[in-house]
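One structure is given here, and the rest of the page talks about it.
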Amino acid sequence: MFNSINPATEAQLGQFSPDEPAHIDQALDLANKAQREWRRLDVNQRTPLLRQLALTLRKHKGEWARLITLEMGKPLSEALAEVEKCAVTCDFYAEHATRMLSDTSIESNASDSRIVHDPLGIVLAVMPWNYPFWQAMRAAVPAIVAGNGLFLKHAANVPQCARALEALFVEAGAPPGLFTAPLLPSSAVEGLINDERIAAVTFTGSTPVGRTIASQAGNALKKQVLELGGSDPFVVLADADVEAAAAAAVKARFSNTGQSCISSKRFIVEETIADRFVEAFCNGASKLVQGDPLNEGVGLGPMARGSLRDELHAQIAATVAEGAQLKLGGELPSGPGYFYPATVLDHVTPNMTAAKQETFGPAAAILRVRDTEEAIALANATEFGLGATLWTKDASHGRALARHIDAGAVFINGLVASDPRLPFGGVKQSGYGRELGAHGLHEFTNVKTLWSGPAR
């Protein structure tokens, strides 16, 4: 059974049975039929669906934001922003997909040679709970406008969000089966990957599960995009605007209650300004209001599951035992809900738990360094490489340093965030492939060469 639990109260919101294998088989047949017809349309015949999706998202924004908050616990203001971001992404690809997918002429010995982008087929999307609308839509929108279909296996703790996403596509007028979100156990994923009706796989989630899916998809010789874990560095150089950096750091760490792959997790600060930064950071974090995420003004909701909270608390306890200083938080609260306070650990060293492991929750690790060279080396001293943040008043110097940071994105004097206009993804154990932007649009296409003779 799929249980929908309110993490703020631990009350059960609903219980749902997984779809039967026969239903899944029928759904795949329908998806296959829908995609074969959909791919025949020109791109400019597909983009009206995206405009209708944007209109439908905005029409139901309040309703669906409330559902996101109830089912996974993020503050309502953040849930509203999540639904709007989905709509903005639909708008972006509706405007630019035709240009991005247009033929590219190439000079060769042919009378005419060009590159075209054909769809692959049905894309299996295995998506997490932390951004239950956004993660699914940032995979679906470019895949579908490129001529593919999308078969969503959503996280087990957000079944109502999965149902709402399917309803979104129905109301927007998508061909039946083009977007499907059945309720599936994780054990069904390997069978889907091996199914001949599935052409490619996209996955967002933990690195261990990503390795499994990569192995399965690789064995089936199917294209895959993996967006995995992160231990993103937030580097503050001595010449940075400390107060601005600290204010941004609070948002970078504690948005979505810290439950994001691209949340900054390791705050690497030059020693000469470290005390000022820590004071300002703790001051900002201490002002976050924690409580019912449906209430106005709440900036820190509960964690999504009790097991996640327990894991985070164990990481913090281990790091303190290893010699870190607990500056804020770090205590399990009493009462219902999976709440955990904003927590700051100072004087963390690279060999401590909070520096070596991904901390998926509202806990920040501050590492002090002597100089810029040590800061960059420490930023790269992780198995992950998703995002990174660099703060300095010298933007030119910052851009030069950014090229030496191992990450899929480096944001200078700003917060790491996904943007439909820019490619998003990681390196090392944070995965491979790209979502969003033109690069993400092209991931699930056959980049085909067309050569027309006679030769010249």
Side-chain angles (χ1 to χ4, degrees), residues 16 19 23-24 26-41 43-68 71 79 82-95 97 119-129 131-155 158-184 192 197-202 204 420 435-436 440-441 444:
F16 304 87
D19 287 297
H23 174 79
I24 301 306
Q26 293 170 0
L28 281 168
D29 276 343
L30 183 60
N32 191 42
K33 179 178 182 293
Q35 190 275 327
R36 288 181 179 275
E37 295 175 356
W38 181 250
R39 68 173 291 155
R40 294 178 182 273
L41 301 178
V43 181
N44 57 14
Q45 294 177 293
R46 300 178 199 140
T47 53
L49 173 60
L50 303 192
R51 298 194 188 280
Q52 285 301 123
L53 287 167
L55 288 171
T56 308
L57 283 160
R58 292 183 172 115
K59 174 183 174 183
H60 295 285
K61 185 193 294 189
E63 168 194 345
W64 285 337
R66 180 179 174 84
L67 175 60
I68 291 169
E71 201 160 46
E82 179 175 339
V83 178
E84 177 61 24
K85 189 171 185 178
C86 295
V88 167
T89 300
C90 292
D91 289 337
F92 172 77
Y93 282 109
E95 181 177 353
L120 295 180
I122 302 170
V123 178
L124 172 63
V126 183
M127 292 290 114
W129 47 265
Y131 293 90
F133 266 60
W134 168 240
Q135 299 279 15
M137 290 298 287
R138 84 178 188 194
V141 173
I144 284 174
V145 79
N148 300 292
L150 195 110
F151 207 81
L152 173 65
K153 189 277 179 221
H154 219 326
V158 288
Q160 295 189 78
C161 287
R163 293 278 172 85
L165 285 162
E166 199 168 67
L168 159 66
F169 278 82
V170 170
E171 185 172 339
L178 189 66
F179 177 98
T180 309
L183 299 182
L184 300 169
L192 288 170
R197 291 164 292 187
I198 295 294
V201 185
T202 181
T204 297
E435 296 178 293
L436 302 175
L441 183 62
F444 293 118

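In this structure, NE2 on His60 lies 12.5 Å from CG on Leu67, to the nearest 0.5 angstrom. To the nearest 0.5 Å, atom CZ of residue Arg138 and atom OH of residue Tyr93 are 10.5 Å apart.
A donor-acceptor contact shorter than 3.5 Å is absent between the side chain of Arg39 and the backbone of Gly147. At least one donor-acceptor pair closer than 3.5 Å links the side chain of Trp38 to the backbone N or O of Ile144. Of the possible polar contacts, none joining the Gln160 side chain to the Glu71 backbone as a donor-acceptor pair under 3.5 Å is found. Judged by distance alone, with hydrogens and angles left aside, the side-chain atoms of Glu171 form no donor-acceptor pair with the main-chain N or O of Thr56 at under 3.5 Å.
What you find for Asn148 and Gln35 is that their closest heavy atoms are C-CG, 3.7 Å. Across Pro142 and Leu441, no two heavy atoms sit closer than the pair O-CD1, 3.3 Å. When all heavy atoms of Leu152 and Pro182 are compared, the pair lying nearest together is O-CD, 3.5 Å. Contact record, Ala65 with Val83: N-CG2, 4.1 Å, taken as the closest heavy-atom pair.
Between His154 and Pro132, some side-chain heavy-atom pair lies under the 4.5 Å cut-off. Looking at Leu184 and Phe151, their side chains come closer than 4.5 Å, going by heavy atoms from C-beta outward. Counting only heavy atoms from C-beta outward, the side chains of Cys90 and Met137 approach each other to under 4.5 Å. In this structure the side chain of Val201 never reaches within 4.5 angstrom of the side chain of Leu192, judged on heavy atoms. Contact check for Phe133 versus Leu165: side-chain heavy atoms found under the 4.5 Å cut-off.
Residues meeting the side chain to side chain donor-acceptor pair (under 3.5 Å) test with Gln52, sequence neighbours left out: none. Here Trp134 pairs with Ser418 under the side chain to side chain donor-acceptor pair (under 3.5 Å) rule; sequence neighbours left out. Looking at residues two or more places apart in sequence or on another chain, you find a side chain to side chain donor-acceptor pair (under 3.5 Å) between Asp91 and Arg58. Take Phe444 and apply the ring pair (Phe, Tyr, Trp, His ring centres under 6.0 Å) test, not counting sequence neighbours, and it matches no residue. Considering only residues two or more places apart in sequence or on other chains, Lys61 meets the side chain to side chain donor-acceptor pair (under 3.5 Å) condition with Glu84.
Note: Phe179 and Phe169 have parallel aromatic rings, judged against thresholds of 30 and 60 degrees for the angle between ring planes.
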Legend entry - Trace of the side-chain contact (heavy atoms from CB on, under 4.5 Å) decision for Leu183 with Arg163: CA-CA 8 Å; Leu183 299 182; Arg163 293 278 172 85; 3.1 Å; yes
task = Go through Trp129 and Ile68 one step at a time and tell me if the side-chain contact (heavy atoms from CB on, under 4.5 Å) criterion holds.
result = CA-CA 9 Å; Trp129 47 265; Ile68 291 169; over 6 Å; no
Run the side-chain contact (heavy atoms from CB on, under 4.5 Å) check on Ile198 and Leu28 step by step: do they pass? CA-CA 8 Å; Ile198 295 294; Leu28 281 168; 3.9 Å; yes
Distance-only criterion, 3.5 Å: show the donor-acceptor pairs between side-chain atoms of residues 120-128 and protein atoms not counting sequence neighbours.
none

